[in-house]
Amino acid sequence: MSAADGTSVQERTDKLEGLGCKRKRVEDARFTQGKGKYVDDMKLPGMVFGDFVRSPYGHARIKKIDKSKALALPGVKAVLTADDLKPLNLHYMPTLAGDVQAVLAVDKVLFQGQEVAFVVATDRYIAADAVELIEVEYEDLPCVIDPLKAMDKDAPVLRHDLEGKTEGAHGARRHHNHIFTWEVGDAAATDKALGSAEVVAKEFLSYQRVHPCPLETCGCVASMDKINSHLTVWGTFQAPHAVRTVASLISGIPEHKIRIVSPDIGGGFGNKVGVYPGYICSIVASIVLGVPVKWIEDRIENLTATAFARDYHMTGEIAATKDGRITALKCHVVADHGAFDACADPTKFPAGFFNICTGSYDIPTAFLSVDGVYTNKAPGGVAYRCSFRVTEASYFIERMIDVLARKLNMDPAEVRRKNFIRKEQFPYKSALGWEYDSGDYDTAFDKALAAVDYKGLRAEQKKNREDFAAGKTRSLMGIGIAFFTEIVGAGPVKNCDILGLGMFDSCEIRIHPTGSAIARLGTISQGQGHATTFAQILATEIGLPASMITVEEGDTDTAPYGLGTYGSRSTPVAGAATAMAGRKIRAKAQMIAAYLLEVHDSDLEWDVDRFQVKGAPDRFKTMQEIAFAAYNKAIPGIEPGLEAVSYYDPPNMTYPFGAYICVADIDVDTGVTAIRRFYALDDCGTRINPMIIEGQVHGGLTEALAIAMGQEIAYDENGNVSGGSLLDFFLPTAVETPAWETDFTVTPSPHHPIGAKGVGESPNVGGVSAFSNAVCDAFAHLGLTHTQMPHDHWRVWKTAQKLGLVE
Ligand code: PCD
Ligand SMILES: [Cu+]
């Protein structure tokens, strides 16, 4: 259909580059030319540099710190230790999990790499030299490394500062190294079902400690303007407003006198959600010295001291009928939180959303208990594309389904299909308390199995196993399936807050007279491409081309309050706020158009980029004309200007899902595992930008490959970290990374204004178990039910050896 001005609806729609458009990322013009502006690019007059003295021990008493040699070095401005912070009551800081963390070690060090002293000098090299000149006398103490032994009777006491504290942030503490116990579900009914089940499969699954290792490490520049009592901090913050509020609460500086800015960020992956000692020390040093202080981690510091991920040790029991219908699920987790509980979870969820561990299946009864424990390792625990422990939960259930399938001697695809939540069961209430908003698992699964010719693959595998038995090949083929359900978009303020701040999000829009606009959001892109995609949402909502809309995030002086970007919450929450703010703009625009066209509001209808008179499409006002009129005409009863703001509290989270299939070939003599094929079908509801989604999936799958096949932050019994540098920590390159095959279905979220769900974390949530299932599947016919990640060559070779395949 053609409009009165001769343009077709299609032409006008295309011009907007709105929802569904493969719009090129606007931020890449600067990124691909090396013109991004990161924290370390900040250079301020008089700026000095901070660096840390860190503990070489996993657990030790600090007997003495001698700063004198360092202070004598020309260029050194200050050396801070816990004793300097104590009078300010800043030697401990609150964590996001209701614990406290030493900003600088108080009396003891509790993990290797812990911050002991902060040196400030005129350049970073002098600071590094001064670090070497500080003499710390330690008395070595025994370490707690194995989380399963943390609550042994005779386990060393780690947190002397908590001595006698029997109540933690999440209930009673049973032991000096106990943080919390979290229980969900019906224990009695689950035990009963397990006791009377025809089949019970049981397995212990360890999800090793890993680290997000973003390209850019963490850092900040703190600048205290003493004349105006105004503090500005530029930093790698995934939640700038929350940092402002916390900074105000602990420093006493009024919140309006603090400005937090997140400039370009070189990958966050959850690593940059937490508050680190480096931020506090830089702020204190800037207040003391009156000059800007920069602190930037190096790679080893990033890997050994800032937020790790996972370290979940899970025992699963799954009950089923002989024909594969699951009747109950039980899970117990020992969660290693390191020396301080600095896990970034919503307050009421000490184990995040791990209770999504019933996965995509209609499991009638379930019980989950999680014990959080202290060990002599770095704190953190939620980062790395996991949206609050969902990766752990998904790994748990997807591995357990395979373990059950083996026990039943059924095809793992069959067991999944048999137990799926059916399309007509949505909204679906899970046994562990969630209400899944929408899903169509059967359609997605059918599409995935057909795409890879699953039957054909199993036939090929059968042949491969025969050939292997006959000595014709030394390679074993494994097929790994994962059908995950994610939970993202925290989210409902009524049950999700961080440090008491409700997890809503926001968008504020200003339309300029000439029909271009700026939108500011409470979230912050770390590479996801928000400047591209949020403009697309608005383009469709308000009918102005995306290219005419600037999206700005990350400056607390200008952006509306928001809780930031992690847990794939930007699209479900801030994206919804954006659509709602757009709708407010449109509602006002409709009144303006009615005035201009001399009709009643209700006689108008929206058409792509304009309001037109119903039944008379040649009478219309485009959004651009309306924008001008908003500033140019005195319209009775309507304020001038065209602006809107929306604070959005989502009614529920969104539940993206997907079907992933991995085909691997394992050379048993070397343990080398080649990923032959990886197919990933994602359903994230309405797709804003298919190209960005594909990029997100590629990135997340690559991180899943990294975790499943090689990454580990390991500790020896003395608390020495291995995996703390890129010599040992596996970062896949193009050589190890297979060609990803992506696909999709679209099941919109019924409660999100545009039907979109998150997608950024999905590929990691689904990917890890697909790889791991493929490795286990390769050996399944030889009796293997489970083998621990990471599946590096050595471990895979050890598995082959245990099975008697190699000497
Ligand atoms: N449906 C849909 C969905 C989505 N989208 C798109 O995509 C992206 C993403 O989204 P989301 O999902 O919502 O998310 P966000 O919130 O935004 O983000 C977050 C995520 O994101 C991911 N991705 C990424 N990328 C990059 N480049 N970088 C980074 O850093 C990162 N990180 C990671 C992580 S980890 Mo955590 O933090 O652990 O919690 S969480 C996370 C964006 O752009 C959006 O818009 C679309 O288009 N559509
Ligand atoms: Cu996460």
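Note that this is a predicted model, so its numbers are computed, not measured. Just follow the structure's listing: the first ligand is 1, and inside any ligand the first atom is 1.
- Here Gln238 has side-chain heavy atoms under 4.0 Å from ligand 1, and that is the only part of it that gets that close.
- Of the heavy atoms in Ile693, only side-chain atoms (C-beta onward) come closer than 4.0 Å to ligand 1.
- The distance criterion of under 3.5 Å between nitrogen or oxygen atoms is not met by Phe534 with respect to ligand 1.
- Atoms of ligand 1 lying under 4.0 Å from at least one heavy atom of Ser570, given by number and element, are 13 (O), 15 (P), 16 (O), 17 (O).
- Panel note: side chain Glu508, backbone Arg520; no donor-acceptor pair is recorded below 3.5 Å.
- Interface atoms of ligand 1 facing Tyr566, defined by a heavy-atom separation under 4.0 Å, are 37 (O), 39 (O), 40 (S).
- Proximity to Lys757 (heavy-atom distance under 4.0 Å) selects the following atoms of ligand 1: 1 (N), 2 (C), 3 (C).
- Between the Lys423 side chain and the Asp440 main chain, no donor and acceptor come within less than 3.5 Å of each other.
- A distance below 6.0 Å separates the ring centres of Phe353 and Trp434.
- Every atom of ligand 1 with a heavy atom of Gly267 under 4.0 Å away is listed here by number and element: 30 (O).
- Heavy-atom proximity to Gly268, at under 4.0 Å, picks out these atoms of ligand 1: 29 (C), 30 (O).
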CA sep, side-chain torsions, deciding dist, call: Tyr207, Phe396, ring-ring contact (aromatic ring centres under 6.0 Å, His included): CA-CA 9 Å; Tyr207 198 142; Phe396 169 77; over 10 Å; no

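- Taking a cut-off of under 4.0 Å to the non-hydrogen atoms of Gly567, the atoms of ligand 1 that pass are 36 (Mo), 39 (O), 40 (S).
- When only interatomic distances are considered, the shortest N/O to N/O separation between Gly270 and ligand 1 falls below 3.5 Å.
- Which of His752, Glu703, Gln528, Glu761 comes nearest to atom 19 (C) of ligand 1 through a heavy atom is settled by distance: it is Gln528.
- Contact annotation for Ile692 and ligand 1: only side-chain heavy atoms (C-beta onward) come within less than 4.0 Å of the ligand.
- Between Thr565 and ligand 1, no N or O atom pair is found at a separation short of 3.5 Å.
- Judged by the 6.0 Å and 45° rule, Lys447 forms a cation-pi pair with Phe744.
- The shortest N/O to N/O separation between Cys684 and ligand 1 falls below 3.5 Å.
- With a heavy-atom cut-off of 4.0 Å, Gln696 touches ligand 1 through its side chain alone.
- Using a cutoff of 4.0 Å between basic side-chain nitrogens and carboxylate oxygens, Glu694 and Lys22 are not scored as salt-bridged.
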Does the pair Tyr655 and Tyr428 meet the rule for a ring-ring contact (aromatic ring centres under 6.0 Å, His included), with working shown? CA-CA 11 Å; Tyr655 296 75; Tyr428 172 82; 9.8 Å; no

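- Of all the heavy atoms of Tyr384, the ones lying under 4.0 Å from any atom of ligand 1 belong exclusively to the backbone.
- Side-chain rings of Phe349 and Phe388 stay apart, their centers remaining 6.0 Å or farther from each other.
- A cation-pi arrangement is present between Arg569 and Tyr566 under the rule of less than 6.0 angstrom and at most 45 degrees off the ring axis.
- The closest side-chain donor-acceptor pair between Asn302 and Thr306 falls under 3.5 angstrom.
- Taking only non-hydrogen atoms, the option from His530, Arg23, Arg385, Met691 nearest to atom 38 (O) of ligand 1 is Arg385.
- For ligand 1 and Thr686, the ligand atoms under 4.0 Å from any heavy atom of the residue are 1 (N), 2 (C).
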With ring-ring contact (aromatic ring centres under 6.0 Å, His included) as the criterion, how do Phe237 and Tyr279 come out once you've worked through the C-alpha distance, each side chain's angles and the decisive distance to 0.1 Å? CA-CA 10 Å; Phe237 309 127; Tyr279 308 156; 4.9 Å; yes

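- With no hydrogens or angles considered, no side-chain donor-acceptor pair links Asn652 and Tyr436 at under 3.5 Å.
- Here Thr532 has no heavy atoms under 4.0 Å from ligand 1, in either its backbone or its side chain.
- The N/O atoms of Pro572, backbone and side chain alike, include none that comes under 3.5 Å of an N/O atom in ligand 1.
- Close contacts between ligand 1 and Cys386 involve ligand atoms 38 (O) [criterion: under 4.0 Å to a heavy atom].
- Formation of a donor-acceptor pair under 3.5 Å by the Gln536 side chain with backbone atoms of Cys21 is found in this model.
- Only the side chain of Thr533 comes within 4.0 Å of ligand 1, judged by heavy-atom distances.
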